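Reckoned from all heavy atoms, side chains included, excluding hydrogens, waters and symmetry mates. Numbers here are sequence positions counted from 1. Treat the numbers as computed from the prediction; the structure is a model and nothing was measured.
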Amino acid sequence: MAKLVSKVYGDALFEEAMEKNVLSQWYEEIGALRTIFLENPDLAQFLNHPQIIKEEKKKVVEAIFSGKLSDGLLGFLVTVIEKGRQNDMIPICDYFTDRVKAYKKIGVVKVTSALPLSEDQKKRVEERLLETTGFVSLETEYAVDESLLGGLVIRIGDRVVDSSIKTRLEEIRRDLMKLQLA
């Protein structure tokens, strides 16, 4: 159910942003709004409190965000509260952000290596990924996992490219086990 709610509201937000030609601005504002909700659990608790009426919640949100969020996005936030969907605000923000990234062809990539990569190595990995994918830019997160022994594991969405030595050794081990059983 939460996925459906985030999709419906996220799509509506995306379409309105496109219509008003404010996609980049709202993308930045939604990122900040998401951070505010995550870093201020008291705000979420207040907005979700069943004994506080919607009018009071809307007044507080307008007082906090007026002048800090664009009018359209503030209106959207008020609508979410009017509809009693404030508990879905983080998933709505996430859906909208993902939709904008897909539209702008921004890839979200996680690269795991056995040792920290140099800046030059990172640059070459990113250049190669841009060449082989349909993305025009990347948001890349780097991690180190010494158990890989060497090579890289690259995750883009639900796709994984695993060229690690650890995986290759595991594949050899499985092949040897099959030979022993034959």
Side-chain angles (χ1 to χ4, degrees), residues 1-113 116-117 122 126 129 135-148 153-160:
M1 182 69 164
K3 271 195 164 187
L4 179 61
V5 169
S6 62
K7 180 181 178 350
V8 169
Y9 282 83
D11 283 341
L13 187 60
F14 181 85
E15 295 304 324
E16 186 174 351
M18 290 294 289
E19 208 173 277
K20 293 182 176 182
N21 200 26
V22 291
L23 190 64
S24 294
Q25 177 187 349
W26 283 14
Y27 174 74
E28 296 297 322
E29 289 181 26
I30 282 288
L33 186 63
R34 182 183 188 282
T35 300
I36 290 167
F37 273 99
L38 287 174
E39 292 179 354
N40 297 286
D42 290 345
L43 176 60
Q45 186 177 2
F46 170 79
L47 292 175
N48 289 312
H49 199 287
Q51 293 178 334
I52 300 173
I53 62 171
K54 288 179 183 179
E55 292 306 315
E56 191 62 32
K57 293 175 185 180
K58 291 190 300 188
K59 283 181 189 174
V60 168
V61 164
E62 288 171 345
I64 292 171
F65 295 109
S66 184
K68 295 175 182 73
L69 287 180
S70 59
D71 290 343
L73 202 49
L74 181 57
F76 177 80
L77 185 54
V78 168
T79 300
V80 169
I81 292 167
E82 284 175 355
K83 300 293 184 183
R85 295 297 188 181
Q86 60 276 3
N87 198 35
D88 296 309
M89 200 59 213
I90 299 297
I92 292 168
C93 291
D94 290 344
Y95 182 87
F96 174 79
T97 300
D98 291 345
R99 179 106 192 257
V100 172
K101 287 178 184 178
Y103 176 78
K104 290 186 167 199
K105 297 186 186 310
I106 301 169
V108 179
V109 180
K110 181 172 183 183
V111 178
T112 307
S113 57
L117 298 177
K122 289 177 182 179
E126 290 178 17
L129 288 171
F135 299 121
V136 295
S137 66
L138 299 172
E139 288 181 3
T140 311
E141 175 189 337
Y142 291 93
V144 174
D145 179 356
E146 294 175 358
S147 74
L148 296 180
V153 176
I154 300 172
R155 294 181 193 284
I156 303 174
D158 59 357
R159 294 178 287 168
V160 178

Distance, nearest 0.5 Å, that separates CG of Asp11 from CD1 of Ile92: 11.0 Å
Are any non-hydrogen side-chain atoms of Leu13 and Ile30 less than 4.5 angstrom apart? yes
Compare every heavy atom of Trp26 with every heavy atom of Ser70, then report the nearest pair and how far apart it is. OG-NE1, 2.8 Å
With the side chain counted from C-beta on, respond yes when Phe76 and Leu33 share a heavy-atom pair under 4.5 Å apart, and no when they do not. no
Would you call the rings of Phe14 and Tyr103 parallel, tilted or perpendicular if under 30° counts as parallel and over 60° as perpendicular? perpendicular
Minimum side-chain heavy-atom gap Lys101-Val108 below 4.5 Å: yes
Inter-residue atom distance Leu73.CG - Glu29.CD, 0.5 Å rounding: 5.0 Å
Determine whether Leu77 and Met89 make a side-chain contact, defined as any pair of heavy atoms from C-beta on separated by less than 4.5 Å. yes
Can you list, pair by pair, the side-chain donor-acceptor contacts under 3.5 Å of residues 15-23, counting residues two or more places apart and other chains?
| from | atom 1 | to | atom 2 | distance (Å) |
| --- | --- | --- | --- | --- |
| Glu15 | OE2 | Arg99 | NH2 | 3.1 |
| Glu16 | OE2 | Lys20 | NZ | 2.8 |

With a 3.5 Å cut-off and no angle check, do the side chains of Ser24 and Lys104 form a donor-acceptor pair? yes
Distance-only donor-acceptor hits, side chain of residues 38-46, under 3.5 Å, sequence neighbours excluded:
| from | atom 1 | to | atom 2 | distance (Å) |
| --- | --- | --- | --- | --- |
| Asn40 | ND2 | Ile36 | O | 2.8 |

Can you tell me how far OG of Ser66 sits from CG of Asp71, rounded to the nearest 0.5 angstrom? 7.0 Å
Is there a side-chain contact between Ser6 and Asp88, using heavy atoms and a 4.5 Å cut-off? no
Pair Lys58 + Glu55, salt bridge at N-O below 4.0 Å: yes
Within this structure, what is the NZ-CG distance for the pair Lys122 and Leu138, rounded to the nearest 0.5 Å? 13.5 Å
To the nearest 0.5 Å, what is the distance between CG on Leu74 and CZ on Phe65? 8.5 Å
Interatomic spacing from CD in Glu28 to OG1 in Thr97 - rounded to 0.5 Å: 9.5 Å
Taking Lys54 for its side chain and Glu82 for its backbone only, find out whether a donor-acceptor pair lies under 3.5 Å. yes
Kindly give the heavy-atom pair with the smallest separation between Lys57 and Ile52, and that separation in Å. CE-O, 3.1 Å
